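Just so you know, these numbers use all the heavy atoms, side chains as well, and skip hydrogens, waters and symmetry mates. Please read these numbers as outputs of a predicted model, since none were measured by experiment. This chain uses plain numbering: 1 for the first residue, then up along the sequence.
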Amino acid sequence: MASHSSSPVPHPSSGGSEGIFRKDRDPSSRQYRPVHSLPDVCPKEPTGKELHRWTVYNSKVNLPAALNDPRLAKRESDFFTKSWGLDFAETEVMPSFYLPNITKEHFGPYLQETAQREKIHERCKNICPNKDELDAVSTAHIIFRSGFQNEYLPNVWLKQIFMKPDFALDDPTTFNAVLPWSHFNSAGRKSSRDMASSRLLQEKLSHYLDVVEVSIARQISLRSEAFFHAMSSQHELQDRLTETARAVAVLRGRTAAIERIMCEGPLRALRQALTRSNCARLHNKLKLMAAVHQSQPTVQLLLSTSEFVGALELIATTKEVLQQELQGIHSFRHLGSQLCEMEKLIDKMMVEDFSMYSRSDLSRSLEDDGQVMEKDRLESLVFGLLRQRKLDFLDIYSDEMILAAKSIVTQSVVDSVSQIEEIDTDIVTKLADQMRLMTFPQWFELLKSVFENFILFLKRIKATLSVVRNVVLEALDSNQKSRLLERAAAGGLAEAPGTPLNQGEAELAYLTHEGLFISDALNDAQLHLGAGGGQEQSSTVGPRQALSRLDGCGSDSASGTTESSSSREHPSASEGGSWSSEDMMPSDLELGRVANNIQELLYTASDVSHDRCVKVLMARAKDGSLERLSSAEFVFLSQAVEGFVKDTEELCCRRSVSLRGALQSQANRFVHRFHEERKTKLSLLLDNERWKQAEVPAEFQDLVNSIADGRITLPERKPQGTEERKPSDYLHIDGQKYAVVGTVLLLIRIFLEYCQCVNDIPSISTDMLTRLSDLLKHFNSRSCQLVLGAGALQVVGLKTITTKNLALASRCLQLVVHYIPVIRAHFETKLTPKQYSVLRHFDHITKDYSDHIAEISAKLVSIMDSMFEKVLSKYEVKAPMPSACFRNVCKQMAKMHEALYELLPEEQAQMLFLRINASLKIHLKRQLARLGVHHDGGPQHGLVTVDVAFYTENVQSLRTLEKLDLNMAEIWEQKR
C-alpha cells in the first residue's frame, strides 16, 4: 500500500508553535551531510537475510482489500459462488453463542474518543504536501545544489531501481523500468525507430556501467590506506609467531629433560606402591566375596533354629555389601534377587510362626501359671516382624483370640454338662439347649465358671501384650538413641574435620591422573595415622566386618544370636552410609501406632469376653427363664455380672457395655414381671379388703421401726422362737397411732421390696421408680373406687360404706403419704443428678393422696350435713325442752364421735367436728330465720337458747372435744 511509510501517529514539528502536525518525510529523500569516519578495514555488506527480510510493510494484498478494490468500477457479486458453488452464498450462518451482537452503539465511545484525532488528521492532510510531490521537489533541489546534474541523475536512478532490496527482473514492473520495450514495435517488424531506441538503451546501460565502475574506484581509493595498514600488521604478526614457536620448542626440551632425570624414578616407585595397595584391596575383596558366598548356608542354618532376626540381619548386611563393596561382580548378579526371595520367605515363616505361637499360647490350659509362654521366642518374633515392617501381626493375634474365646465358652459348657446326669448330650446336642435344661443354680455355677475363665484369659492376654509392648518401646528407644548418636557424630565431624592433604600429595595425585586410587590410598593412610582412626575405620568398613563376624560364626547359631542381639541393643552410629539394624525399623510414628494398637487389642479382648458372656446370658434368657427368677436370684445374677465387669475394667482399663446392656435388658424384663406380680397381688388384696381395722403383727412394727432408723431394707427373717409377741391394734410411727387395714401393711412391705431391689440393682433405679409410682397411683385410685365410689358394696358385699370405713381409708392414705418422702430420699441417693427429674412423680402422688384425704373428710362432713338438713327442717320452737330434734342431733354427733375417736388423731377429729358444727349452725340459722325467731330475749329466744345450751353441753362432753369452741352465737342474724 502506498501510505505504509507514513507514521500512524502525527508528531508536532520542531519549530511549530501552533501545534501543527506534519508527516515525517521518507528517510530515502532526506538530505544528509557527508560524515567522515575512520577507515573501515572490513566494511560490512548487507547480507541476503537482511536484504530480503519481510516486514509488515511488505503486505500488499489481504481479503478485505480484494473484496473492496476501489479500482473496480463494479464489485464482483459472485466472488465466492463462482469458486465454491451456489450453496455457499445461500447457506445461513448461525450466530455464534460466544460473540455478542455488535451494534453501532458499541463503537460510540471509540468514535467519541477518536473524533478529535480525526479532525487533526484531516487538517494535517490539507496542510502537509503529497509524498510524491515532496520527493520530486527534494530531488530537484539536490541536483541543483550539487552542480553536476548529469552525473547525479544516473546515480539517483540507479539507486531507485538497481539498488532496491527487492530488485528482480522477473518482476514485470522492474523489467519494464530497466528495458522499456514499450518503445519497440509490438508488431514484430523492425523499424529505424526501434533500432535507434535499442542503441539509445545500450548506450544508457553502458553509461550506467561506467558510473558504477567510477563509484567502485572511488570507494577503493577511499579505503586504500586501511588496506596497506592491515598488510603491514600481518608481517609483524608473523615475526612474533616465529619467535614464540622457537621459545616453546626450547621449553619442551627442558621439560622432557626434567621428566627423564627427576620424575620417572619417583613416579615408578609410587606406581609400585599403588599396585601393592591395589593388590591388598583385591585380596580383601576376594575374602569379602568368600564371606558373601557363605552367607546363604549361614542363613539356612539360622532359619533351622528359628533365629529370624539374625538371618534378617545377615541378609541385610550381605545386600548392603553387594551394593557398596561388590557392585558389578558378575558372579553375584543373581545373589541380590536370591536374598530378596529368602527375605520374603522369612517374612512368611515369621507370620506363620507367630500365628502358631498365638494359637498355642491362647489355647493352652487356663490353669497353668500366668507366665508368658516362651518369652524369648515371642520377643524374637515381634522384633523380626517390626524389622520387616509387618505391622499387621496384631490382627493375627486378634483372630486367634476370638477363636480362643469361643472355645472357652464351649469347653466350660461341656465340662458343666458332663457333671449333670439329667442332660443327655446325645439327644440335646446344641449348647444353648443344654444350658436351658439346667436349673438356675447349675447355670449360675456355669456362668461364674465362664467369668473366672475369662478373667484368667484376659490376664494371659495382658501379660503377652505387655511383652509385645516392651519390644515396641525398646525399638522406639533404640531409634531415638540412634538419632542422638548420629547428631553427636555429625557435630564432632563439624567441629574437628579431617586433616587436609599437604601440597605435595595433592600435586602427586594430580600428576598421575589416577586420582581415584591415590585418594583412596591417602585416605587409608590418614585413617591409620589419625588420632581417631580406629573409630572411623570401623565405621567405614562396618558392613564388611559385620559380614566377616557373621561368616566366622560358621555353624554356631548361638554366636549368631548373640551377634544379632548385640547389634540390636547397640546400634552403630556411623556416617552417612553407615549400616545399622535401625535403618530398616519403622518410624517413631509407626511404632507409636503399633503401641496404640496393642492397647486397643486389649480393649478388644475385653469386648470379646463380654460378648461371649452375653451369648451365654441370652441363651438362657431365650425361653424367658431369667424373667421368672425370684428377686433374690436375680440379685445374685446381677452381683455376679457387676463383679465380672468391675474385674475386667480394672484389668483392661476398658468400660465394656455389651454385658451391662444385656443385663439391663433382662433387668427391664425382670422389673416388668416384678411389678406386674406385685400390682396384681395388690389388686387382689384391695378387691378382698373389707375396710375394717386390722391387727398389726410384731414383725410389721419391727419393719416400721427399721425404716425410722434409716434402714430402707427388708429385715432378715428371724428364726421362730419360743417367745411370741402379741399383735397390737395400732401401728406406732413417730409417736402417732395409725389404725390400718391389712392391705396397707402389705403395701409397706411391697414398696420396701422395691427399695431393696434398687439397692441390689442400682442400674434399674429409674425404671423401678416409675413402676413404684404406678403402684402407688393404682392403690390410690382403686381405694377411691372401693370406698368413696362404694365399689366395695359389689366387690366385697358390704351393706354400706360407714363413717368408720371412710376414716380408716383416710388414715391408711395418711400412712402412705407419711412414707412418700422417705421413699423419695432413698431413690434420690441411687439416681444421678441428670435423673432427678423423675422424682417429680412423688410430688404428683403426694398431691393426689392429699386430695383423696380431703375428699374423704368432705364426705364425712356431707354425711352429717344431710342429716342436719333433714332433722332441722322439722325443728319447732316449743316446749318441752330440750326438743326432740336437738336430742336426735346430739345422738348422731355421739355416734360420729364414737366411730372416729379411735381412728383419727385428736387434731384431725377436732377439725372435723368444727366443720360439722359449722354446717349445723348454717342449717339452724336458716331454720330460725324461716321461723322468725330473733335474738330479742322473748320466749322463743329463750327456748332456742335452752336447745343450744343442751347441744353445746353434749358436744363438749365428748372426748378430745372438751375445749372445742363452738361459737353458737353465730346462729342469730345481726340486726341492721
If we count only N and O atoms by modelled type, under 3.5 Å, do the side chains of [X] and [Y] hold a donor and an acceptor together?
X    : Y    : result
H934 : H941 : no
H826 : N759 : yes
S862 : D865 : no

ask   = Excluding sequence neighbours, so at least two apart, what forms side-chain contact (heavy atoms from CB on, under 4.5 Å) with S416?
value =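 Only M438, L446 meet the side-chain contact (heavy atoms from CB on, under 4.5 Å) criterion with S416.
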Charged tip of [X] within 45° of [Y] ring normal and under 6.0 Å:
X    : Y    : answer
R887 : F950 : yes
R678 : F674 : yes
R824 : F842 : no

key: Other residues, nucleotides, ligands: >12 heavy atoms within 6.0 Å of Y730 OH   = yes
inquiry  = Can you confirm if the aromatic rings of H610 and F644 lie within a centre distance of less than 6.0 Å?
reply    =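 Between H610 and F644, which both carry aromatic rings, the centre distance is below 6.0 Å.
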query = Charged N to carboxylate O under 4.0 angstrom, D611 versus K615?
reply = no
inquiry  = F779 and side chain to side chain contact (heavy atoms under 4.5 Å, CB included): which single residue from L685, L686, D774 fits?
reply    = L686
request  = Before giving the answer on side chain to side chain donor-acceptor pair (under 3.5 Å), spell out for Q814 and S810 the whole-Å C-alpha distance, their side-chain angles and the decisive distance to 0.1 Å.
outcome  = CA-CA 6 Å; Q814 293 175 21; S810 174; 3.2 Å; yes
key: Worked check of side chain to side chain donor-acceptor pair (under 3.5 Å) between S683 and H778   = CA-CA 8 Å; S683 298; H778 177 70; 2.6 Å; yes
Is the [X] ring parallel, tilted or perpendicular to the [Y] ring (thresholds 30°, 60°)?
X    : Y    : value
H675 : Y754 : perpendicular
Y875 : F886 : perpendicular
F440 : W443 : tilted

query = Given T743 and E689, is the side chain to side chain donor-acceptor pair (under 3.5 Å) satisfied, shown in steps?
reply = CA-CA 7 Å; T743 303; E689 182 61 58; 2.7 Å; yes
